[in-house]
K.L.:
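The structure under discussion is supplied below as structure tokens; questions concerning it will follow.
Here is how names work: the chains are called A, B, and so on, in the same order as the sequence lines, proteins then strands, and each is numbered from 1. In this text the structure is predicted, and so the values were computed from the model without any measurement.
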2 protein chains.
Amino acid sequence: MNDMINNFETTLKENGYKLTVQRRVILNLLIEHEEKHLSTEEIYELVKKKYPQIGLATVYRTLMLFDKLGLIYKLDFDDGFSRYELNKREADHRHHHLICTQCGNVEEVREDLLDSIEEDILFKNGFLVKDHRVKFYGLCKHCRESTDE
Amino acid sequence: MNDMINNFETTLKENGYKLTVQRRVILNLLIEHEEKHLSTEEIYELVKKKYPQIGLATVYRTLMLFDKLGLIYKLDFDDGFSRYELNKREADHRHHHLICTQCGNVEEVREDLLDSIEEDILFKNGFLVKDHRVKFYGLCKHCRESTDE
DNA sequence: ATTCATGCAAATCGTTTGCAACCCA
DNA sequence: TGGGTTGCAAACGATTTGCATGAAT
């Protein structure tokens with residue numbers, strides 16, 4: 001988490017952006033709730049507790065900036081909201097999302113096995129993969145057990 | 001393509017929906033442009049050429065219905081538009097999308113290798129995968145060749 | 001002092017909805 | 001006939017933007 005914050009500060013500076021209270025507060029919130037997949041509105045509500053005078057537009061602009069700088073990832077779980085999660089750069093922390101179509105819960109699963117597919121794509125399509133998004137839709141354990149079929 | 005249309009007609013009937021001119025026209029358009037990933041607005045513009053009196057809301061409602069019935073898939077390429085592609089049920093036609101972050105072009109790549117990941121997910125997470133979405137971001141062949149790096 | 005960032009409110013824009021007229025089954 | 005469907009226009013709602021003020025470097 002301190003790594004996260006140092007990285008955040010240097011990334012901002014290197015790119016000519018200023019270190020404002022609002023940006024600090026939002027980053028801290030994202031760290032504090034890193035397991036949550038918060039939506040913009042949820043982040044806004046949480047920020048207001050620590051910094052009541054903040055405007056929604058600032059939250060939108062900040063998240064857009066963090067996303068552009070690669071500090072966070074934008075997620076889309078088809079519920080009409082943009083959601084975000086921290087980009088923890090440690091290589092072994094990338095993951096896919098399992099979205100339960102019954103209860104809407106989202107869990108994470110360690111990712112693997114895509115490297116060979118990506119090599120194949122470069123070889124066959126000449127397309128150089130730099131990132132990917134994988135979503136699995138289905139029934140979570142809880143929903144499978146509490147319904148027939 | 002005739003399979004497609006027969007399936008469309010029976011699917012509608014089986015679910016108690018009516019076979020209207022508008023729905024026919026939209027389905028035909030999707031078949032005609034199956035390689036295109038058309039957005040709702042693009043579909044609307046195309047439909048108007050054959051059926052000028054159609055309303056945008058009908059296009060939205062029709063696509064929503066087709067999606068619900070599994071006749072089409074909704075796609076999201078992060079450009080602010082909902083896009084759609086036909087669901088060709090043939091098992092060997094599923095594919096992933098390669099999105100070029102430079103020129104925005106989207107190409108398709110035959111999918112494979114996910115089955116073992118999905119088995120693993122069921123085993124480790126108890127989550128039963130029924131569908132998935134995979135997007136690869138990167139540089140297409142053309143963009144790689146026309147720029148340094 | 002300069003430049004970027006913020007807060008507010010208004011504007012955007014893709015999408016949804018209410019409703020009377022319509023049309024398939 | 002009668003219930004799903006359509007077209008129109010109005011409503012929605014997440015996100016963006018213009019602008020004057022304020023803060024960071």
K.L.:
With the side chain of A/R61 defined as its heavy atoms from C-beta on, choose the nearest nucleotide among C/dT16, D/dG18, C/dC19.
P.N.:
D/dG18

K.L.:
Nearest whole Å is fine: how far is D/dA14 P from A/E42 CD?
P.N.:
12 Å

K.L.:
Does a side-chain N or O of B/T58 approach OP1 or OP2 of D/dT5 to a distance below 4.0 Å, or not?
P.N.:
no

K.L.:
Of all the choices, C/dA5, D/dT6, C/dA25, which nucleotide is nearest to the side chain of A/K18 once you look at every atom?
P.N.:
C/dA5

K.L.:
Measure from CG on A/L56 to C1' on C/dT12 and round the result to the nearest Å.
P.N.:
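To the nearest whole Å, that distance equals 15 Å.
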
K.L.:
A/V21 side chain: which of D/dT5, D/dA24, D/dT15 is closest?
P.N.:
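The answer is D/dA24, which lies nearest to the side chain.
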
K.L.:
Nearest-nucleotide wise, let me know which of B/L19 and B/M64 is further upstream toward the 5' end of DNA chain C.
P.N.:
B/M64

K.L.:
Would you please say whether a donor-acceptor pair under 3.5 Å links the side chains of B/Q102 and B/H142?
P.N.:
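The answer is no; no qualifying pair exists.
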
K.L.:
For B/Y51 and D/dT6, what is the distance between atoms OH and C1' respectively, to the nearest whole Å?
P.N.:
8 Å

K.L.:
Should A/H97 and A/H37 be marked as a ring pair (Phe, Tyr, Trp, His ring centres under 6.0 Å) after you check the CA-CA gap, both sets of side-chain angles, and the distance that decides it?
P.N.:
CA-CA 11 Å; A/H97 292 109; A/H37 310 124; 4.9 Å; yes

K.L.:
Among D/dT25, D/dT16, D/dC8, which nucleotide has an atom closest to any side-chain atom of B/A57?
P.N.:
D/dC8

K.L.:
Please determine whether the number of non-hydrogen atoms from other residues, nucleotides or ligands lying under 6.0 Å from atom NZ of B/K141 exceeds 12.
P.N.:
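No - once you tally the heavy atoms of other residues, nucleotides and ligands closer than 6.0 Å, there are 12 at most.
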
K.L.:
To the nearest angstrom, how far is A/E41 atom CD from D/dC12 atom C1'?
P.N.:
14 Å

K.L.:
In terms of hydrophobic clustering (I, L, V, M, F, W, Y; side-chain heavy atoms under 4.5 Å; direct or indirect links), are B/L98 and B/F77 co-clustered?
P.N.:
no

K.L.:
Roughly, in whole Å, what's the span from CD1 in B/I54 to P in C/dA21?
P.N.:
21 Å

K.L.:
Check every atom of D/dT16, D/dA24, C/dT6 against the side chain of A/Y60 and return the nucleotide holding the closest atom.
P.N.:
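That would be D/dT16.
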
K.L.:
So which nucleotide from C/dC24, D/dA23, C/dG7 ends up closest to the side chain of A/Q53?
P.N.:
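Nearest to the side-chain atoms of A/Q53, counting from C-beta on, is C/dG7.
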
K.L.:
Between atom CG in A/L65 and atom P in D/dT16, what is the gap in whole Å?
P.N.:
13 Å

K.L.:
Does C/dG14 have OP1 or OP2 under 4.0 Å away from a side-chain N or O of B/S82?
P.N.:
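So the side-chain polar atoms of B/S82 never come under 4.0 Å of the phosphate oxygens OP1 or OP2 of C/dG14.
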
K.L.:
What class does the angle between the rings of B/H96 and B/H132 fall in, given that below 30° is parallel, 30 to 60° is tilted and above 60° is perpendicular?
P.N.:
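The rings of B/H96 and B/H132 sit tilted, inter-plane angle from 30° to 60°.
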
K.L.:
For B/Y44 and D/dC8, what is the distance between atoms OH and P respectively, to the nearest whole Å?
P.N.:
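Going from OH in B/Y44 over to P in D/dC8 covers 7 Å.
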
K.L.:
From D/dT16, C/dT6, D/dT6, pick the nucleotide closest to the side chain of B/R23?
P.N.:
D/dT6

K.L.:
Without decimals, in angstroms, what is the distance between B/Q22 CD and C/dC22 C1'?
P.N.:
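In whole Å, C/dC22 C1' and B/Q22 CD are 10 Å from each other.
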
